[in-house]
Amino acid sequence: MCRCKAHIEHFRIRMLSFFEDFEDGGLGYVEMLFRCNYLALVGGGPRPKYPENKVIIWDDLKKEKVTELEFDGPVRSVKLKRDRIIVILDRVIRIFNFTRIPQELHQIQTAPNPRGLCALSPTTTNSVLAYPGVEVGHVNLVDLSDMMEKPMVDISAHEAALSCIALNLQGTQLATASEKGTLIRVYDTQTHERLLELRRGAANASIYCINFNQDSTLLCVSSDHGTIHVFSEDPTRNRTSSLSKARGILPKYFSSNWSFTKFQIPAGIHCICAFGNDKKSVIAICADGSYYKYSFDNKGESHIDTCCKFLQMTDE
């Protein structure tokens, strides 16, 4: 997934030996179907390549448009599964089958969702979809494989409006953050119980991204404070206050689980983050076209491995 506030006029998609240059207009949103040749494209910027109320399904192997979907309002985000196209609009999620002539299967009403928040399990064995509920701070879960029989689940995740939601690779855990951005909460998607409450910081922040590692033992979180925090799902690895033993006496803040390591992004640039293949690294892709790779050890000591610019940004 790629969404940047900065306008990228010259956008290049690379996967295996394929790449595509879009030089005649801007893209506001790109979603790849796993690591295959299908992409969902939505126009963006001052000169959109496509209308912002359309989703273009692009085959990068054949270098051609497969199909398109048009809506009454702007498309906020798109999620893809081998058999589904999920389109997120301001107050509704529309679900289609993934064919050359997509047929609409379901519509889901949501709270106002200008961020296009939605998370979809990528596995074939779990079809859970997470999205903002109608009530502020709530997350709803549905099973796309059987929406008629299996009831929707409502989780009261935060008091404030949601700013970020994410599912792990297996679709068994859900991570959430609110517009306050101080706490990350993790829930079991089967039992709907809260598993963890992790503290990013004391000051409010806008959370840009949450990602699990492959075995769901770690989470990374990026925010507008220019930091990427790494948390362990083993609370003994995370930092705690020296006053944490006074749990139940002092305010909950003093018993919080804090990240065991963090990285600073230069100039606090808007970025998304994910774990590298080597299990002890985090990769950050930033809105100014920069790329960073950080490594860390079991003690939480970290350093920067790689830093480079991979896109040329326009001034428009």
Side-chain angles (χ1 to χ4, degrees), residues 1-6 8 30 77 115-117 119 158 162-169 173-186 195-241 256-311 313:
M1 188 274 283
C2 175
R3 179 184 286 277
C4 294
K5 289 183 178 178
I8 302 175
V30 179
S77 64
R115 299 173 186 262
L117 300 182
H158 300 270
L162 299 170
S163 68
C164 194
I165 58 177
L167 288 166
N168 66 345
L169 183 63
Q173 293 184 23
L174 166 74
T176 68
S178 77
E179 289 183 344
K180 290 181 66 177
T182 54
L183 296 173
I184 311 298
R185 290 175 174 148
V186 181
L195 302 176
L196 293 166
E197 183 174 273
L198 307 168
R199 181 168 290 278
R200 183 213 53 82
N204 289 1
S206 179
I207 303 298
Y208 293 146
C209 177
I210 303 173
N211 259 316
F212 293 84
N213 66 347
Q214 288 195 4
D215 59 5
S216 303
T217 57
L218 301 173
L219 291 90
C220 59
V221 179
S222 67
S223 75
D224 65 347
H225 285 210
T227 54
I228 296 175
H229 291 259
V230 180
F231 299 90
S232 173
E233 293 213 1
D234 176 1
T236 62
R237 289 190 64 188
N238 294 324
R239 294 182 299 114
T240 57
S241 168
S256 297
N257 271 272
W258 300 71
S259 60
F260 74 87
T261 190
K262 67 178 181 179
F263 318 113
Q264 191 71 37
I265 300 294
I269 300 165
H270 184 159
C271 73
I272 57 175
C273 58
F275 289 94
N277 291 329
D278 54 4
K279 298 184 179 181
K280 289 187 177 180
S281 66
V282 170
I283 293 168
I285 307 294
C286 302
D288 67 344
S290 57
Y291 166 99
Y292 299 91
K293 182 180 179 181
Y294 300 88
S295 293
F296 59 91
D297 59 24
N298 290 332
K299 296 180 180 179
E301 297 179 357
S302 61
H303 63 274
I304 186 168
D305 281 344
T306 307
C307 172
C308 63
K309 268 288 188 75
F310 63 94
L311 286 177
M313 311 295 290

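A quick note: this is a predicted structure, and the numbers were derived from the prediction, not measured.
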**OP:** Would you mind telling me which of T261, V230, N213 makes a side-chain contact (heavy atoms from CB on, under 4.5 Å) with V282?
**Re:** V230

**OP:** Measure across I269 and A287 and return the closest heavy-atom pair with its distance rounded to 0.1 Å.
**Re:** CG2-N, 3.9 Å

Subject >> Side chain D224, main chain S206, donor-acceptor under 3.5 Å >> reply: yes

Original post:
With a 4.5 Å limit on heavy-atom distance, are the side chains of F275 and Q214 in contact?
Top reply: no

Original post:
Do you know which two heavy atoms are closest between W258 and R199, and how far apart they sit?
Top reply: CZ2-CD, 3.3 Å

Subject >> For the student: nearest non-hydrogen atoms of A284 and I228, plus distance >> reply: CB-CD1, 3.6 Å

**OP:** Please round to the nearest 0.5 Å and tell me the distance separating atom CZ of R185 and atom CG of L198.
**Re:** 10.5 Å

Original post:
How close do A274 and N211 get, heavy atom to heavy atom, and via which atoms?
Top reply: CB-ND2, 3.9 Å

**OP:** Nearest 0.5 Å please: distance from the OG1 atom of T217 over to the NZ atom of K279.
**Re:** 8.0 Å

Subject >> Any donor-acceptor pair under 3.5 Å from Q264 side chain to G226 backbone >> reply: yes

Original post:
Got a donor-acceptor contact below 3.5 angstrom from the N168 side chain to the F212 backbone?
Top reply: no

Subject >> Spacing of I283 atom CD1 and I272 atom CD1 [to the nearest 0.5 Å] >> reply: 11.0 Å

Subject >> Donor-acceptor contact below 3.5 Å, side chain R239 vs main chain S259 >> reply: yes

Original post:
Which heavy atom of Q173 sits nearest a heavy atom of V186, and at what distance?
Top reply: OE1-CG1, 3.6 Å

Original post:
Judged by atom type as modelled, is there a donor-acceptor pair below 3.5 Å linking the side chain of S223 to the main-chain atoms of H225?
Top reply: yes

**OP:** Tell me, please, which residues at least two apart from S178 pass side chain to side chain contact (heavy atoms under 4.5 Å, CB included).
**Re:** H158, A160, K180

Subject >> Over 12 foreign heavy atoms within 6.0 Å of CG, N277 >> reply: no

Subject >> Qualifying residues under side chain to side chain donor-acceptor pair (under 3.5 Å), relative to K280, sequence neighbours excluded >> reply: N298

Original post:
S232 side chain to D234 main-chain N or O, any donor-acceptor pair under 3.5 Å?
Top reply: yes

Original post:
If you round to the nearest 0.5 Å, how far is CD1 of I207 from OG of S163?
Top reply: 5.5 Å

Original post:
Do side-chain atoms of T306 reach the backbone of K293 as a donor and acceptor pair under 3.5 angstrom?
Top reply: no

Original post:
Does N238 reach the main-chain N or O of F231 with its side chain, forming a donor-acceptor pair under 3.5 Å?
Top reply: no

Original post:
Picking from L219, L218, N257, what satisfies side-chain contact (heavy atoms from CB on, under 4.5 Å) with E233?
Top reply: L219

**OP:** Grab the two heavy atoms, one from S222 and one from C271, that are nearest each other, plus how far apart they are.
**Re:** OG-O, 2.9 Å

Subject >> Pairs meeting criterion ring pair (Phe, Tyr, Trp, His ring centres under 6.0 Å) with involvement of residues 282-303, two or more places apart >> reply: F260-F296, F263-Y294

Original post:
Taking the side chain as C-beta and beyond, is there a heavy-atom pair between D288 and K309 under 4.5 Å?
Top reply: yes

